[in-house]
Every structure is written in C-alpha cells, then in structure tokens.
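The structure under discussion appears below in the form of structure tokens.
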Amino acid sequence: MKRYNPKVIEPKWQQTWESEGIYNSTDDSTKPKKYILEYFPYPSGAAMHVGHVRNYTIGDVMARYARMQGYNVLHPMGWDAFGLPAENYAIKNKISPKIAIEQNTTRFKHQLQQMGFSYDWTREINSTDPRFYRWTQWFFLLLFKKGLAYQKESLQWWCPFDKTVLANEQVENGRCWRCGNTVEKKALKQWFFKITDYADRLLEDLDDLDWPEAIKSMQRNWIGRSTGAEIKFAIVDHDTSINVFTTRPDTIFGVTFLVVAPEHPLLKTITTKAHAVRVDEYIKTSQAKSDIERQETTRKKTGVFTGSYAINPINNEIIPIWTADYVLMGYGTGAIMAVPSHDDRDYEFAEKFGLPKRPVIVSPDDTIENPTSPQNTPTLSSEGLMINSGKYNGLASAVARDNIVSDLEKQKAGKLRVNYKIRDWLISRQRYWGAPIPIVHCEKDGAVAVNEDQLPVLLPEIENYEPSGEGRSPLAKVPDFVNTSCPLCGGPAQRETDTMDGFACSSWYFLRFADPHNDSKPFDERLAEQWLPVDDYIGGAEHAVMHLLYARFWTKVMFDEGLIKFEEPFSALRNQGMILAPDGQKMSKSKGNTIEPDNLIGQGYGADSIRIMELFIGPWNQAANWSVDGMGGAFRFLQRTWVLVQEFIESKTNKPDAGRITDSQVMLRTVHSTIKKVTDDIESLSFNTAIAAQMELINGLYKQKAKDRFSDQQIWEYAITTAVKLLAPFAPHISEELWHMLGNNSFVNQSEWPKYDPAYLLPEKVTIAVQINGKLRDVIEVKPGSVQSEVESMALSSDVVKKLVGDQKIKKTIFIPDKLINFVI
RNA sequence: GGGCGAGUGGCGGAAUUGGUAUACGCGCACGACUCAAAAUCGUGUUCCUUAACGGAUUGAGGGUUCAAUUCCCUCCUUGCCCACCA
C-alpha cells in the first residue's frame with residue numbers, strides 16, 4: 001500500500017493544475033459567473049503566517065465549490081505593493097523598494113502556490129507595475145477633471161517617524177496606523193479627494209449590502225451624519241456673530257454660555273483687552289498639546305473667558321463667550337451653544353467654572369409643573385415635553401425642535417444643517433514609493449493635468465529615496481523628474497512631487513482583474529459588466545473605514561462617469577476571524593510567535609492538513625487560537641481517508657469476501673445525508689461542521705468496512721467516489737491523487753458536485769424521546785412517520801414510564817412526529 | 001461614555017424553525033499489535049453519587065412554555081470598533 005505523503009503529491013498536482021490551466025477563467029462562457037476575491041496582500045518583509053492563510057483558504061474553498069457547482073469562477077490574485085511597509089523594509093535592508101518588492105512577492109507567491117490555492121495566475125497584477133499605475137493615475141485625473149481632486153493648505157496629521165502626512169482614517173487614537181508613533185499636526189499644502197460629496201450616497205447604499213453589520217455600523221459611524229441646526233449668535237459690541245452647530249435646537253432656552261475652539265478664527269477678534277493675555281496663553285498651551293494629550297486628560301475641562309458676550313436670538317439673553325479645547329475646530333462650526341442642563345460636557349464645564357447650570361428645558365417625565373430634575377444626569381438624547389421655553393412650553397421636544405428652527409429662520413438667525421464627521425480623503429504622500437500624482441505646476445496655468453497620452457508618469461529610479469522630513473517627497477530632489485513643460489502653454493513647469501496613498505491602487509484593483517492586460521484603457525466596459533461586482537469579498541475587518549470606504553467611493557465616481565453600471569463594488573463581504581498564537585496573543589514577527597505554513601509543510605503535514613485545520617478550528621468568522629495538537633487531528637483524518645481508499649482499491653483485485661453482505665440501505669443513507677449536510681454547510685459557510693460531517697462519513701465507512709470487507713463493490717465505488725469529491729474543495733491535492741488512483745483521467749476539481757436524493761435520507765427507524773413533564777425518561781425506536789396513537793401506546797408500555805406515571809392521570813400529551821412524545825402529569 | 005458581538009466538558013467547538021445538550025476534533029484512560037517504543041486500530045470519556053438506581057448542568061438570577069443553549073427582563077464577565085463629533 002502506498003503511504004500518504006503530501007510532500008510528493010502536493011507539488012505534483014500544483015504543477016499539473018498550473019500547466020493545464022484548470023483554474024483560469026474564460027471570458028466567453030455561457031455558465032453563470034461568480035467573482036470571489038480576497039484582499040490582495042501587501043508583500044511585506046514578514047512572510048505570511050497561518051492567520052493570513054485562513055483568509056485565502058476560505059476564498060479558495062468557496063471558489064472550488066462554486067466551480068464544481070457549475071459556475072464560471074473568477075478567483076484572481078495580485079500585489080498591493082506600493083506604500084510605507086515595502087519602502088521601510090527596503091530602507092532597513094538597504095535595497096531599493098523595487099528589488100524588495102520583487103523578493104517579497106516571489107516569496108508570497110511561493111507560499112500561496114504551495115497551499116494549492118486555485119488562482120488564475122494569468123491575471124496576476126502588481127500595483128507598482130507602470131502598466132497598472134498608469135491607470136491609477138488616469139483615475140486621479142478623472143477625479144481632478146470632475147472637481148473631486150483638489151489642493152488645499154491646512155493643518156494635517158503628520159507622522160514624524162514615517163515623515164509623511166496621513167489621512168484621518170489612518171490615524172488611530174492619535175497614532176500612525178502603520179508605525180504606531182504619535183502623530184503631530186503640520187500645516188502643509190496637500191491633495192484631497194472630495195469623498196464628502198458622496199457622504200450621503202455612501203451612507204444610504206450601505207443598507208442593501210450583504211455585509212457584516214459591524215462593518216456597516218463602523219462606516220455609518222465614520223461618516224457620522226447628524227442633522228441639526230446652525231444658529232447665529234450676535235456678539236455684544238461687535239459687528240460680527242458666531243455660528244454654532246447643534247443637534248438639539250429645542251434646548252436653546254437652556255443656553256447659559258457659548259464656547260469656541262481655541263483655533264476659532266474669530267476668537268482673537270472678540271477677546272477683550274482685559275482677557276487677551278490669558279486667552280493668548282490658553283491658545284498657546286492647547287496648540288502645544290498634541291492631540292493624544294488632549295484625549296488623555298481624562299476629559300478634565302479647561303478653558304478661559306474671552307470677556308465678550310453673545311445674544312441668544314430666541315430670547316435676547318446675554319451670555320458669556322468662553323474658549324475651551326473640548327470644542328473641536330474641525331467639526332461643525334468650531335463653536336457650540338452650551339446647555340449644561342442637557343449635555344454632560346457642558347455641565348462639567350459649568351460646574352468647574354461656576355457658570356449657571358439651569359434651566360431644565362425638556363421634562364424627562366412629561367410633567368410640566370414639577371419635573372424630575374435631570375441636572376445630575378444630563379443627556380442629549382432625552383425627549384419629552386418642553387418647559388421653561390416661553391411659547392414652546394408643553395410641546396413635544398421633537399416638535400419644538402422644528403418650530404424653533406423655522407422661527408429662527410424667519411429672523412435669519414438659524415437654518416437646518418446636516419453635519420458629517422467624515423473629512424475629505426487626504427491622498428498625497430511625501431514619500432518615494434507610490435504612484436506619482438500626474439499633475440504639472442505651471443506659473444501661468446496653475447495645477448494642470450498631465451495629458452492622458454503622457455501616462456504613466458513614471459516613478460524614476462533614484463539613489464536616495466529616504467524621506468527628508470521637510471514636508472517634500474524625495475522626488476523633489478530629482479531635477480530630471482521635476483522640470484518639465486506645461487501641457488497647456490508649453491512653458492517651463494514643475495511636476496508634482498508627492499505620490500499617491502497606496503489606497504488609491506486598492507480602490508480600483510478589483511476592476512482590473514476583469515481585464516488585466518488592457519493597454520488602451522483601465523478595463524473594458526463589457527468585461528467589467530460581465531465579472532463585476534465582486535460576489536464574495538473575503539478579508540479582515542481592519543479595512544472597515546479605509547479601503548472598503550475608498551473603494552465604494554471610487555466605484556460611485558466611475559458609475560457617475562458611466563464607466564460601469566453598478567454602484568457598489570462588493571455585493572457580499574465576509575470578515576474572517578483572526579488566528580491567534582497558541583498563547584492567545586496576536587501573531588507578530590516582533591513577538592516571535594508566528595506560525596508559518598512553510599514550517600508545517602516541512603514537518604510533513606502538507607497543505608491539505610493546514611487547510612483542514614484552518615477551517616475546522618472553529619467558525620470561520622470567529623477568532624481562534626492556533627492549536628499545535630489540532631494539526632495532528634487534521635492530518636489523521638486525511639490519512640484515514642487515504643488508507644480507506646487504498647484498501648478499497650486493493651479489494652478490487654482481491655476477490656471480495658463473498659460471505660459478507662453490504663447493507664446497501666445504510667450505506668446509501670450515510671452517503672446521501674453527508675452530501676446534504678456538506679452542501680448545506682458550505683452554502684451557509686459552516687466550514688467547520690462541513691468537515692465534521694466528512695469525518696463522520698469516513699468513520700462510518702470504516703465501521704462498514706470492518707463488517708462487509710467491501711462486499712458490494714458498486715455501492716462502495718459510489719461511496720468512495722463521493723467522499724473524494726466532497727473533500728475536493730477543502731483538501732484538493734489528496735482528493736486529486738485519490739481520484740486518479742481510482743482510475744479517473746479527469747480532474748476531481750473539475751468534476752460535478754455530488755447531488756443527494758431525498759428518497760435515501762429517510763431512516764428505517766427513528767429514535768423518539770419519551771418525556772414526562774418535559775424531562776427525558778426513555779427513548780423508543782419506531783418507524784418514521786408513526787402516528788401518535790402508535791407511539792403513545794409504545795411509550796406507555798415502557799417500564800420507566802409505567803413506574804413514574806403510576807396511577808396518576810395524564811393531563812396532556814404533546815407529540816412531535818419522529819422527534820418526541822411528552823406526557824404532562 | 002457610545003455601538004456591535006460572545007459566554008456550553010480538561011480544551012477548540014456542535015445543536016439550521018423552542019423539541020433526546022455536549023456532534024466532530026484535541027487531550028486523557030484502558031485494550032489490541034510490538035521484545036519495546038512510536039505509529040496505527042478499537043473501546044470509553046460533562047459533573048456529582050451509587051452495587052444498581054438517581055441527581056445536577058449551557059456566565060448568574062428571574063420570567064414565558066408541556067418543553068429554553070435557543071424567546072423576554074435584570075445583572076456579571078469578556079472581545080472588537082468608535083470615542084469631548086455638540
């Protein structure tokens with residue numbers, strides 16, 4: 001008997017599949033399409049570990065299953081290779097990013113191939129290939145021409161370690177998402193994409209997506225739409241006014257002071273001479289505070305009085321104006337009306353600086369005369385009846401809200417306003433390793449788009465690509481690159497030297513897979529129409545408000561331009577659960593706790609065992625600790641399958657034992673119910689139980705074999721063949737090998753998925769639970785479909801039941817056919 | 001502080017519509033094979049208690065029901081995301 005040796009069979013089939021091209025997608029097929037995609041990886045210096053492998057295993061099982069179900073499947077792979085990690089790796093290892101990327105993609109590709117993933121490698125793309133980023137630049141120009149790409153000087157997040165600016169989405173708790181260092185604010189002229197123009201559509205279209213609710217709510221939260229009003233407060237003794245944003249205009253009678261952010265443009269104007277020194281000091285100290293410090297002060301309120309007063313437009317009350325850094329310049333108008341009786345932040349501030357905290361405006365218990373005071377627990381979300389609010393008293397707060405805004409509108413002191421937390425996407429980076437922004441700066445014509453036929457603007461190969469930290473990309477030091485002529489007037493001009501954020505590439509790469517070699521446009525409309533949108537997109541949740549939001553934005557822009565006919569790129573999104581190290585910690589190179597597939601394969605487990613382990617360890621979308629012992633179990637299952645098939649093949653040539661009889665009904669029922677179970681489980685993405693069902697099948701067949709020694713060859717042939725097919729999406733190599741050993745010349749991975757016949761599912765006998773008062777007391781075996789009277793008399797004749805019922809009266813009998821009978825006494 | 005999710009044997013987990021809780025795997029124990037070990041095969045394995053019987057059990061407590069891991073309420077623990085967003 002041949003031994004199961006993954007080291008021999010796995011590379012053999014990988015090469016055969018590749019040379020036969022059996023996973024390549026055809027553009028002209030009559031079959032229905034299915035586009036299954038995993039996030040294209042970042043080929044960093046650290047190799048892939050079993051956590052990454054899980055992501056690709058899920059996608060691969062789905063792709064293989066879909067093929068066997070008769071779909072024309074697109075399952076491509078490529079490299080998201082621009083960006084900081086690749087560049088930092090190159091700097092550290094003193095090689096050029098280009099060489100680093102070549103080394104890393106070679107390694108990653110080898111890792112993917114040795115896992116037997118069924119990618120169409122003829123469609124491989126690399127975002128750093130000029131043939132690819134030419135079109136990334138083309139999309140930049142599309143956005144530029146549509147007025148969705150613009151330059152603006154403002155305070156931006158700056159990472160002093162990576163020496164570049166960062167988008168808001170790329171700053172987590174005041175730290176750089178890549179290196180974890182504290183970020184600073186720096187005033188720089190930067191390029192932005194106007195994603196805010198699409199905020200409403202990005203929000204509304206979330207509803208219809210088959211995405212995890214967690215991701216949808218993260219995006220909703222990030223877009224942060226809130227409706228309210230902008231209200232104008234005139235300043236006493238000044239010719240100016242301050243606008244505030246509030247979601248609760250109904251609480252305007254509770255305003256006891258105004259607060260403006262320290263960065264507010266009117267702050268210096270309205271500050272009186274007597275208070276100027278203290279205000280100036282306060283502005284300076286809050287500027288010196290990094291944002292992380294501003295967040296870490298455990299919300300202790302600070303602030304100073306400006307000396308000025310404002311007039312409440314609803315009742316002409318005079319209220320003081322303060323400045324405090326709990327009000328953020330970047331949101332709303334950078335100024336608020338403080339309502340201490342209904343906002344805990346305002347309450348805390350009033351408490352600390354001795355400002356008035358009354359009156360209560362919304363009665364929480366709907367009594368106008370003596371409401372329970374909410375002063376100790378102010379809340380912005382409370383609704384109720386209006387009190388202390390003049391003519392609005394007695395109205396429901398939601399009604400008063402509308403009335404007050406329209407009344408203010410009449411006196412031109414207020415209007416409805418929708419506010420968003422989302423900011424425009426800062427796209428420029430002061431780093432070398434990215435797609436150059438295809439813009440030329442001309443003294444006469446300003447920022448001018450490079451002509452389309454001049455694309456790509458090639459990233460020059462340079463000696464010194466380390467960031468300078470001066471706020472300019474290293475490309476600024478390359479005169480040959482910088483100096484050019486203006487596409488409009490032909491006069492001398494300078495190229496933009498910033499490069500694009502790596503997320504620009506990933507905002508459209510999924511479209512390129514439909515038409516990866518097109519040199520005349522980013523993709524053919526017909527091919528995009530055929531393959532897109534992505535049916536199943538598989539990846540971790542870490543891209544929730546970055547890539548997944550950006551890609552949706554670009555897709556909508558392309559839709560508006562008429563390039564594509566769909567508005568959402570990813571119909572279904574699947575977030576796989578993280579694989580943690582056996583100790584429960586995140587796997588990372590720095591902790592030295594990573595487990596790499598290469599080592600496991602070297603130990604003789606094989607890719608198939610790893611694939612089984614990745615899925616069997618638990619639900620695919622939940623985190624799991626990697627288990628070293630569990631690998632042995634996965635391997636044993638495959639080996640038992642191997643041995644069983646070998647023994648069956650040998651039984652073909654040895655005469656079967658004539659004295660033994662195969663129970664064909666039991667065999668057929670076992671096989672057909674397993675087909676049903678595995679099929680249903682794959683459809684519902686319950687991969688762990690799909691594998692468990694196959695283990696049960698193999699265990700069951702072992703028991704059959706012990707009884708009948710493969711007596712009925714025909715039924716055994718069917719059982720074995722089916723078992724091998726069911727295993728194919730999960731463990732493709734061993735399945736392919738066994739398939740060929742069984743005498744097939746085709747590929748099991750191109751075979752048809754087995755179907756079950758419901759007629760075989762019905763068992764000869766079913767076990768009925770016999771309960772008394774809902775407690776299990778006995779079990780009886782009856783024919784399926786037995787009626788109540790039959791089951792009841794059988795159950796009542798059971799010794800246990802007789803004893804427990806005694807001469808008590810049975811009040812009620814509950815009968816569930818083929819399941820249980822319950823006597824209530 | 002806000003949002004979303006999760007708590008089941010020694011461990012990872014299963015239970016698809018309220019209907020026999022603990023499938024499958026790991027680990028462990030015993031047996032077979034072996035000079036021996038590994039590997040493999042087989043049997044057992046929720047806990048307490050017993051000669052047998054029996055009792056308890058899905059984070060805790062309560063509720064609905066003939067029947068609750070499943071539905072409802074309160075609380076505890078824990079994971080992830082967002083966080084002074086007015």
Side-chain angles (χ1 to χ4, degrees), chain A residues 172-173 212-218 220-222 224-226 228 244-248 251 259 294-295 297-301 324-328 330-339 342-346 348-349 379-381 419-422 541-542 544-545 575 577-578 612-613 616-619 621-634 636-637 639-640 643 677 680-681 683-684 686 688-696 698-699 702-703 706 767-779 800 811-825:
Chain A
E172 296 161 351
N173 289 325
E213 275 309 314
I215 303 288
K216 289 201 208 177
S217 74
M218 271 188 239
R220 287 193 187 104
N221 195 304
W222 188 261
R225 182 190 151 103
S226 52
V244 303
F245 174 73
T246 178
T247 55
R248 295 298 299 265
T251 61
V259 188
R294 264 167 88 155
Q295 281 165 21
T297 47
T298 57
R299 300 183 185 185
K300 261 186 200 144
K301 298 284 181 285
D325 65 6
Y326 83 92
V327 174
L328 309 174
Y331 183 77
T333 59
I336 60 147
M337 57 179 222
V339 184
H342 291 281
D343 183 296
D344 55 358
R345 296 155 300 189
D346 298 340
E348 198 189 319
F349 193 82
T379 162
L380 257 188
S381 58
N419 230 332
Y420 301 89
K421 286 191 208 171
I422 193 171
E542 67 274 13
V545 292
N575 285 140
M578 212 184 316
I612 294 285
M613 178 65 187
F616 186 64
I617 196 165
N621 55 357
Q622 274 175 39
N625 295 6
W626 188 257
S627 156
V628 178
D629 290 332
M631 272 309 298
R636 262 194 293 282
F637 160 57
Q639 185 167 249
R640 277 165 65 79
V643 169
K677 173 79 175 146
D680 291 351
D681 281 354
E683 296 282 346
S684 66
S686 307
N688 54 334
T689 52
I691 292 168
Q694 294 184 66
M695 288 174 168
E696 279 186 81
I698 295 300
N699 291 346
Y702 259 80
K703 292 213 170 92
T767 312
I768 300 247
V770 180
Q771 299 183 338
I772 294 173
N773 289 340
K775 235 180 161 88
L776 181 71
R777 292 303 176 181
D778 201 0
V779 288
V800 189
K811 287 182 203 148
K812 198 173 170 187
T813 305
I814 284 112
F815 175 67
I816 310 287
D818 296 347
K819 284 253 160 85
L820 99 174
I821 186 153
N822 184 16
F823 298 112
V824 185
I825 54 175

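If you're wondering where the values come from, they're calculated on a predicted model, not measured in any experiment. What you see below is based on every heavy atom in this structure, not just the backbone, and it leaves out hydrogens, waters and symmetry mates. Just so it is clear: chains get the letters A, B, ... in the order the sequence lines come, proteins before strands, and each one is counted from 1.
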Query raised in the report: Are OP1 or OP2 of B:G2 and a side-chain N or O of A:Arg220 less than 4.0 angstrom apart?
Result: no

Query - Residue A:Lys301, side-chain atoms from C-beta onward, closest of B:A86, B:C84, B:G25 - result: B:C84

Query raised in the report: What integer number of Å spans the C1' atoms of B:U45 and B:C24?
Result: 15 Å

**Report entry** Separation between CD1 of A:Ile768 and CZ of A:Phe815, rounded to the nearest 0.5 Å
**Finding:** 5.0 Å

**Report entry** Rounded distance in Å between the C1' positions of B:A6 and B:G44
**Finding:** 32 Å

Report summary line: Of the listed B:G12, B:G3, B:G19, the closest approach to the A:Ile617 side chain comes from B:G12

Query raised in the report: Mind checking the P distance from B:C82 to B:U64? Whole angstroms is fine.
Result: 42 Å

Query raised in the report: Phosphate oxygens OP1/OP2 of B:C80: is one of them under 4.0 Å from a side-chain N or O of A:Asn575?
Result: no

Query raised in the report: If we only count heavy atoms from C-beta on, is the A:Tyr702 to A:Val643 side-chain gap below 4.5 Å?
Result: yes

Query raised in the report: Is any side-chain N or O of A:Lys775 closer than 4.0 Å to OP1 or OP2 of B:A56?
Result: yes

Query raised in the report: Taking atom P of B:A68 as reference, at what distance in whole Å does atom CD1 of A:Ile814 sit?
Result: 12 Å

Query - Separation of A:Ile612 CD1 from A:Gln694 CD (nearest 0.5 Å) - result: 6.5 Å

Query raised in the report: How long is the gap from CD on A:Glu348 to OH on A:Tyr326, to the nearest 0.5 Å?
Result: 9.0 Å

**Report entry** Whichever of A:Ala541 and A:Ala335 has its nearest RNA chain B nucleotide further upstream toward 5'
**Finding:** A:Ala541

Query - Nearest to side-chain heavy atoms of A:Asn221, which nucleotide of B:U40, B:C82, B:G25 - result: B:C82

Report summary line: Rounded to whole Å, CZ of A:Phe637 lies from C1' of B:A39 at a distance of 19 Å

Query raised in the report: Heavy atoms, side chains only, cut-off 4.5 Å: are A:Lys812 and A:Asn822 in contact?
Result: no

Query raised in the report: So what does A:Asn625 touch, heavy atoms closer than 4.0 Å: a base, only the sugar-phosphate, or nothing?
Result: nothing

Query raised in the report: Mind telling me whether B:G9 is syn or anti, cutoff 90° either side of 0?
Result: syn

Query raised in the report: Under 4.0 Å between a side-chain N/O of A:Ser226 and OP1 or OP2 of B:A86, yes or no?
Result: yes

**Report entry** Separation of the P atoms in B:U74 and B:C84, to the nearest angstrom
**Finding:** 29 Å

Query raised in the report: Considering only B:G19, B:A86, B:C24, which nucleotide approaches the side chain of A:Lys819 most closely?
Result: B:G19

Query raised in the report: Using a cut-off of 4.0 Å on non-hydrogen atoms, how would the nucleic acid contact of A:Ile816 be classed: base, sugar-phosphate, or nothing?
Result: base

Query raised in the report: Within the structure shown, what part of the strands sits under 4.0 Å from A:Thr246 by heavy-atom distance: base, sugar-phosphate, or nothing?
Result: sugar-phosphate

Requested in this report: Find the distance A:Tyr702:OH to B:G42:P and express it as a whole number of Å.
Outcome: 7 Å

Query raised in the report: When the C1' atoms of B:U70 and B:U65 are considered, how many whole Å apart are they?
Result: 13 Å

Query - Atom-pair distance (CZ on A:Arg777; C1' on B:G19), nearest Å - result: 17 Å

Report task. Please state whether the rings of A:Tyr331 and A:Phe245 are parallel, tilted or perpendicular, taking 30° and 60° as the class boundaries. Result -> perpendicular

Query raised in the report: To the nearest angstrom, how far is A:Asn773 atom CG from B:U20 atom C1'?
Result: 16 Å

**Report entry** From B:A23, B:G19, B:U20, nucleotide with atom closest to A:Leu776 side chain
**Finding:** B:U20

Query raised in the report: How would you label the contact of A:Pro212 with the nucleic acid (heavy atoms, under 4.0 Å): base, sugar-phosphate, or nothing?
Result: nothing

Report task. State which of B:C81, B:C66, B:A83 makes the closest approach to the side chain of A:Trp222. Result -> B:A83

Query raised in the report: Is A:Lys811 side chain donor-acceptor paired with the B:C66 base, going by distance under 3.5 Å alone?
Result: no

Requested in this report: Would you indicate what A:Gly332 reaches in the nucleic acid, counting non-hydrogen atoms under 4.0 angstrom: base, sugar-phosphate, or nothing?
Outcome: nothing

Query raised in the report: Are the side chains of A:Asp346 and A:Met337 in touch, meaning some heavy atoms are under 4.5 Å apart?
Result: no

**Report entry** A:Val770 side chain reached by A:Ile821 side chain, heavy atoms, under 4.5 Å
**Finding:** yes

Query raised in the report: Which whole-number value in Å describes the distance from A:Ile612 CD1 to B:G25 P?
Result: 13 Å

Requested in this report: Round to a whole Å and report the spacing from CG of A:Asp778 to P of B:G19.
Outcome: 21 Å

Query raised in the report: Which is true for A:Gln771 with a 4.0 Å heavy-atom rule: it touches a base, it touches only sugar-phosphate, or it touches nothing?
Result: base

Requested in this report: May I ask you to evaluate whether A:Asn688 reaches the phosphate of B:A14, defined as a side-chain N or O under 4.0 Å from OP1 or OP2?
Outcome: yes

Query raised in the report: Base, sugar-phosphate alone, or nothing: which one does A:Lys421 contact when heavy atoms must sit under 4.0 Å apart?
Result: base

**Report entry** Whole-Å C1' distance, B:C76 and B:A29
**Finding:** 37 Å

Query raised in the report: With sugar-phosphate meaning primed atoms plus P, OP1 and OP2, does A:Glu213 contact a base, only sugar-phosphate, or nothing at under 4.0 Å between heavy atoms?
Result: nothing

Query raised in the report: Looking across every strand, which nucleic acid part, if any, lies under 4.0 Å from A:Lys216 by heavy atom: base, sugar-phosphate, or nothing?
Result: nothing

Query raised in the report: Taking the P atom of each, how far is B:G61 from B:G9, in whole Å?
Result: 15 Å

**Report entry** Phosphate OP1/OP2 of B:A86: any A:Tyr331 side-chain N/O under 4.0 Å
**Finding:** yes

Query raised in the report: Within the structure, does a side-chain N or O atom of A:Arg640 lie under 4.0 Å from either OP1 or OP2 of B:A39?
Result: no

Query raised in the report: Considering heavy-atom distances to RNA chain B, does A:Asp680 or A:Ala693 have its closest nucleotide positioned more toward the 5' end?
Result: A:Asp680

Query raised in the report: Which value, in whole Å, describes the distance between the P atoms of nucleotides B:G3 and B:A83?
Result: 16 Å

Query raised in the report: From the list B:C84, B:C66, B:C81, which nucleotide is the closest neighbour of the side chain of A:Met218?
Result: B:C81

Report task. Rounded to the nearest angstrom, tell me the gap between atom NE2 in A:His342 and atom C1' in B:G1. Result -> 19 Å

**Report entry** Closest to the A:Pro619 side chain, choosing from B:G25, B:U40, B:A14
**Finding:** B:A14

Report task. Sort out the partner of B:C28 for me: Watson-Crick or G-U wobble, both distances under 3.5 Å, none otherwise. Result -> B:G44

Report task. First locate atom CD of A:Glu213, then atom CZ of A:Arg220, and finally report the distance between them rounded to the nearest 0.5 Å. Result -> 6.0 Å

Query raised in the report: Has the side chain of A:Asp629 got a donor or acceptor that lies under 3.5 Å from a partner of the other kind on the base of B:C26?
Result: no

